[in-house]
2 protein chains.
Amino acid sequence: MAGAGGGAGGGVAGARYRRLAADLREAIASGAYGSGGRLPSEEELAQKYGVSRGTVRQALAVLRANGLVTSRRGSRRVVLGTARTQSFFELLSFTRWARSIGEEPGGRTVDVEHRLAGPLECELLGLLAGSQIYRVLRLRTLSRVPIMIERTIYPERIGAMIVRLEPDAVSHTEPLAEQGVVFADAEHTVDLVYADAEDARLLGCAEGGPLIRERRRATDPAGTPLEWSEDRYLPGTVSFTVHNSVAMTALSRRRG
Amino acid sequence: MAGAGGGAGGGVAGARYRRLAADLREAIASGAYGSGGRLPSEEELAQKYGVSRGTVRQALAVLRANGLVTSRRGSRRVVLGTARTQSFFELLSFTRWARSIGEEPGGRTVDVEHRLAGPLECELLGLLAGSQIYRVLRLRTLSRVPIMIERTIYPERIGAMIVRLEPDAVSHTEPLAEQGVVFADAEHTVDLVYADAEDARLLGCAEGGPLIRERRRATDPAGTPLEWSEDRYLPGTVSFTVHNSVAMTALSRRRG
DNA sequence: TCGGGGAAGTTGGCTGTACAACTCGAGCAA
DNA sequence: TTGCTCGAGTTGTACAGCCAACTTCCCCGA
């Protein structure tokens, strides 16, 4: 961001700084600079790739935010690690995540409701009182083993697309994307809860047993809520990782 | 990032874009633009604050990364919410966090070891075999109620500073900062574990009871590890929240 | 051998300019 | 009323140049 200046034009097929970032990411992952090694200077990279220093800085800002490299005024950038941060979609979509770790995702829709939104649900999805919502309950599997139970509410428009899908459709977010529903932002909260009777029955754990809960609210580029979901994972099946830095923070810790 | 150009001179007392970002954050929090409202255009903000558009974009990039506003090409920015994301230090330091939520932090050092680093510990802190480490075990309280147990290992240099502090010193990171130890990056992983005998005794929970675990590795601006810590929270005392977007992702989900 | 001074190198911050891609509403036509 | 086109407005991407603040390292003197 904040590339101030202008020039030759937006991306022909994708912004140049993104391609540069991808290039550097790959180079780092392949160990070209070693762990703890020093990157070339911005000027050198600019000349090597035939772009301006501003563009190089945009690319490096991406890597910086992802925790791949440090940066200090006066000193060359240092490789922190090959922390392969996952894309936005791999965090949003169970299916994308499962595939990215080489597992086979599965899903079974257990229950669907179409009804009037309660006050809380209106608040969560930013709806007016009296709006309709869809509520979907799904059991998610990794290599056919139940891992997670997902309770999602959708506003009318989105839910209508969802219910048209087959009950055992693996992915819900991908068909939505194909129909022009664009996910852009999400807020996730992770904590610990205890299994109720339904959780226990579907996941095959003891009632009252501990589960990792992830609550999520996703919006489109305009800020309109697209879904609100509460996911509950069996212990030991998942962990959540975040990188943050003085320069860039997105995570917070809250009183439970 | 990527402000390309140059100009009038670095910050006199702090970068201008940071002050601008703070200003806008406050304005948003005070509801000046409303939730879902539209921000002024970059050009308008630039004129209003007497800075260039590039600087405005740097400020807005910060808000964007914090999930306060959206941004799409062609449309004005929209206020997403007043999500008060906490600073890097409030996630790194229990003390800072406790104060930020208006609670009284407390701590009691239970045990300190000074010994040879094992192979795993060398790996975690990036040390050579044969290095010395300090291992500190602390019980953390919120308003005198035990909340969390903290097992931290420090490299020789840092640990030597730590052990000079009083056993019931509230904060460890703040004295370090005063002695010139600068924290710059951290990686946090959150999952679920079961209490062992020591956890149960100190936290007053049942052995085998569920706990939220946060593992953390913090480094200085040069990428040198400063501490590695494993914290275990009682259920219901804490939750972790992250905002991510297509443009900026820092969180990832991992197979447990 | 040790320490200080200084110069070169590097990143952070800021401005200005230019063009491309996209949104959105006004206005017009069917 | 509906649907379309068009243009003004807005953000995204990119380049060029400048100065400040900081790190690093060489070199020289004690």
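Quick note on labels: first sequence line is chain A, next is B, and so on, each numbered from 1. All values derive from a computational prediction rather than experimental measurement.
- Within the structure, every side-chain polar atom (N or O) of Arg64(A) is placed at least 4.0 Å from both OP1 and OP2 of dG12(C).
- Nearest to the side chain of Ser71(A), among dT15(C), dG12(D), dG12(C), sits dG12(C).
- There is no side-chain donor-acceptor pair under 3.5 Å between His243(A) and Asn66(A).
- Under 4.0 angstrom from either OP1 or OP2 of dC24(C) there lies at least one side-chain N or O belonging to Arg38(B).
- For Tyr33(B), the ring pair (Phe, Tyr, Trp, His ring centres under 6.0 Å) criterion is met by no residue, not counting sequence neighbours.
- Among residues two or more places apart in sequence or in another chain, the side chain to side chain contact (heavy atoms under 4.5 Å, CB included) test is passed with Glu230(B) by Arg213(B), Arg215(B), Trp228(B), Arg232(B).
- The ring pair (Phe, Tyr, Trp, His ring centres under 6.0 Å) test applied to Tyr49(A) returns no partner, not counting sequence neighbours.
- Looking at Arg53(A), its side chain comes within 3.5 Å of the base of dG12(C) through a donor and an acceptor atom.
- Regarding contacts with the backbone of dG12(D), a side-chain N or O of Arg77(B) is found under 4.0 angstrom from either OP1 or OP2.
- By the salt bridge (Lys or Arg N to Asp or Glu O under 4.0 Å) test, Glu42(A) is found to be paired with Arg53(A), Arg57(A), Arg77(A), residues two or more places apart in sequence or in another chain being considered.
- Evaluation of the salt bridge (Lys or Arg N to Asp or Glu O under 4.0 Å) rule for Glu174(A) yields Arg99(A) as partners, not counting sequence neighbours.
- Distance from the side chain of Arg72(A) is smallest to dT23(D) among dG12(C), dG13(C), dT23(D).
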What pairs of nitrogen or oxygen atoms, one from the protein and one from nucleotides 4-9 of chain D, lie under 3.5 Å apart?
| from | atom 1 | to | atom 2 | distance (Å) |
| --- | --- | --- | --- | --- |
| dG9(D) | N2 | Gly74(B) | O | 3.1 |

